[in-house]
Amino acid sequence: MQFHHHGYVSGDPRIQPPAGVGVDRPEELPDEVDVLVVGSGPAGMIAAAQLAQFPNVVTRVIDRRPGRLEVGQADGIQARSVETFQAFGFANRIIEEAYRITEMAFWKPDPENPKNIVRAARTPDDRTGISEFPHLIVNQARVLDYFAEVARNAPARLVPDYGYEFVTLDVADDGDYPVTITLRRSAGEDAGAERTVRAKYVIGCDGARSEVRESIGRELVGDQANHAWGVMDVLADTDFPDIRTKCAIQSHDGGSILHIPREGNYLFRMYVDLGEVSEDDHGAVRNTTQEEVEARANVIMHPYTLTVKHVCWRSVYEVGHRLAEKFDDVPEQLVGIRSPRVFITGDACHTHSAKAGQGMNVSMQDGWNIAWKVAHVLEGRAPEALLDTYSAERQVIAQNLIDFDKQWSSLMAAKPEELDDPSELEDFYVKTAEFPAGLMTQYQPSMIIGAATHQSLATGFPVGKRFKSNVVTRVCDANPVHLGHHHRADGRWRIYVFADRPAAGRRSKATDFAEWIAGSPESPVVAYTPKDGDVDAWFDVKVIYQQDHTGVDLAAVPQAYLPKVGPFDIVDYEKVYAADPQDDIFEARGIDRDGALVVVRPDHYVANVLPLDAKEELATFFAGIFNTKKRPVAL
């Protein structure tokens, strides 16, 4: 965390000074806004937390609930999400209160007495160390609380407007605020009253029954699996020995259970198999009582017993795999001709089972993806064409998720004798660990993802995939740090300069690049940084030397890597790093010893890998992303 560069901070440094619309922010929902976020679930609140970093963007979040969510439906937090929490500044705090999954146990019918279950296998949750971040279980409501805190403490001072229900919207062909939204008060003394709000953009985060989706004519297309599950968060008395371990339990003829311990040591969740549902059921299975779910669980767990003492939350659902054909309001034939104004995220555009622990995680990535893009367009950083990349990127990811979930759900629901191999379920869990962890996402080339022409220069940073961090040494204080953990959700692009062999102070490609990035009119830093902003306001340029920290002389490091920031022109020393001899990032991430540039988007994804001397190529890449109007800045 960096602070004090604008003067001494005596209070909580997480609370940023208000700016722009955050100064004297009106309590009442205004008639005109830049962005209206509909729904304060995971996608909506991460969008709010990101948009709140842009104080000149008028963002409001509405929700039909009268206040914060108290009991969340989702609870699985994958490694990619924890990595995202790091960017928003609360990973360590949520890790402390969460349950951490380190192992999964697989229970199956006892070969000698199939009516009983026995533990058949244990598998590590992350056998190959795919992430330095853990796999967590924590109430969705707490995740929303943390994002709400980030938004509230950000310069825009954003807080949700509860008690507003979305009714419908209309998109005009022109106008400063072309989207007219009809809202209805769902709480308060004026409940039932309607009003209209006009917006430049609307982000629909309003769930599987999304009214925003319906208003733009999108449909969820797919199928029901005709298989139902009862889910319950409970406090219970049981003699089941793995009650504090994540388990997949398969019985001989009673179905299966996915068992997940919850945070706080006592609570746990069970997804209890309720079996096949007939096509003419018409939702009747949702009336299954809690007593029936408990009885079913006891049949599956035999010879162990479960006596529920307190039910914190419960539901019955049918597995469905459905997907919207597009995640915005622009027809396919008009892409590139008309810019989108309305976007849908999360369950509003893709639904799947909860057992793979993906719903909340993928929804948050939807919300982050669209939020920084809308902000860049509204601030004039990028052209409206940037908004077309949201649906193009996220629809593919949602389809991949549905394909994965169909496999996992089918395996979970299968009887042991129906599997080709007795260990098929646990083998699938281990082999596919990177996908549910959220680390398999790879965006295809676009205006914000370059071609992988120079991928061989940094094989451990695949273009289109998220930037996989590694330990380095911060030169100024010799502290070992994860390079990627300094990437905050502040809307900036990152340019990581992996230096060639010469040390700091000697002529090298890294030195030449520093002179160009700081002084050339073609440099993106020179061309696009606002004249009244810090030199690193839009681009965060960092250098990583191959020598250990004792071999890097800060006095010899080019000024481009030691910029002066803030009103007092104070040097930011946290942009110069050295390889850690015990865990050399050049070796760990396959970085060429002749150096490389790794360009990373505001949402952590690697946008390009280039040679250190590919200055023209770098300039061309950013010219396709940023508006071409030059913004000279004194360096």
Side-chain angles (χ1 to χ4, degrees), residues 442-443 445 448-475 481-487 492-518 520 522-525 536 539-549 551-552 557-558 560-562 574-581 583-625:
Q442 186 164 20
Y443 296 132
I448 48 175
I449 295 290
T453 307
H454 305 287
Q455 187 66 77
S456 61
L457 297 178
T459 57
F461 294 124
V463 174
K465 296 189 75 172
R466 118 289 186 198
F467 182 85
K468 186 176 182 181
S469 185
N470 201 86
V471 173
V472 292
T473 304
R474 193 165 53 207
V475 172
V481 295
H482 257 277
L483 183 61
H485 295 191
H486 199 238
H487 181 144
R492 290 188 294 173
W493 284 77
R494 265 70 188 181
I495 301 175
Y496 293 98
V497 181
F498 289 93
D500 44 342
R501 292 180 177 84
R506 298 186 178 182
R507 203 70 205 174
S508 66
K509 292 179 182 178
T511 302
D512 292 343
F513 180 80
E515 293 174 357
W516 178 82
I517 198 73
S520 171
E522 302 306 314
S523 157
V525 172
D536 63 352
F539 298 92
D540 181 16
V541 181
K542 289 180 166 63
V543 64
I544 306 92
Y545 287 101
Q546 297 185 31
Q547 294 76 18
D548 69 21
H549 72 282
V552 180
V557 171
Y561 306 137
L562 291 167
E574 295 196 359
K575 296 182 185 290
V576 182
Y577 298 85
D580 182 343
D583 187 7
D584 187 342
I585 190 172
F586 285 80
E587 292 291 337
R589 297 292 173 261
I591 301 167
D592 194 291
R593 292 295 175 178
D594 285 332
L597 300 172
V598 178
V599 180
V600 182
R601 295 173 7 171
D603 56 355
H604 280 171
Y605 287 91
V606 176
N608 217 331
V609 172
L610 297 168
L612 279 178
D613 54 6
K615 305 178 185 70
E616 183 177 347
E617 197 169 343
L618 182 68
T620 300
F621 176 72
F622 278 114
I625 298 171

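Lys615 has its side chain out of reach of Ser520: every pair of non-hydrogen atoms, C-beta onward, lies at least 4.5 Å apart. The shortest side-chain heavy-atom distance between His486 and Arg474 does not fall under the 4.5 Å cut-off. Residues Val463 and Ile449 meet the side-chain proximity criterion, which asks for heavy atoms closer than 4.5 Å. Tyr545 has its side chain within reach of Val557: a pair of non-hydrogen atoms, C-beta onward, lies under 4.5 Å apart. Contact check for Leu457 versus Phe498: no side-chain heavy atoms found under the 4.5 Å cut-off. Side-chain contact between Ile448 and Trp493 is present, with at least one heavy-atom pair separated by less than 4.5 Å. With a 4.5 Å cut-off on side-chain heavy atoms, Leu612 and Asp594 do not count as touching. The shortest side-chain heavy-atom distance between Asn470 and Asp583 falls under the 4.5 Å cut-off.
Under the 3.5 Å distance criterion, the side-chain polar atoms of His604 are left unmatched by any main-chain donor or acceptor of Lys468.
Remark: the His482 side chain and the Ser469 side chain contain an N/O donor-acceptor pair separated by less than 3.5 Å.
With sequence neighbours left out, Gln546 forms a side chain to side chain donor-acceptor pair (under 3.5 Å) with Arg593. Annotation: side-chain contact (heavy atoms from CB on, under 4.5 Å) contacts of Asp536 (sequence neighbours excluded): Arg492, Asp534, Val565, Asp572, Lys575. Partners of Asp548 by side chain to side chain donor-acceptor pair (under 3.5 Å), not counting sequence neighbours, listed by chain and number: Thr550.
For Arg507 and Asp512, the salt-bridge test passes: some basic side-chain N is under 4.0 Å from an acidic carboxylate O.
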Discussion item. Pair Asp500, Phe513 - check side chain to side chain contact (heavy atoms under 4.5 Å, CB included), show working.
Written reply: CA-CA 11 Å; Asp500 44 342; Phe513 180 80; over 6 Å; no
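Here the CG atom belonging to Leu618 is positioned 6.0 Å from the CG atom belonging to Leu597, to the nearest 0.5 angstrom.
Across every non-hydrogen atom of Gln547 and Ala578, the tightest pair is O-CB, 3.2 Å.
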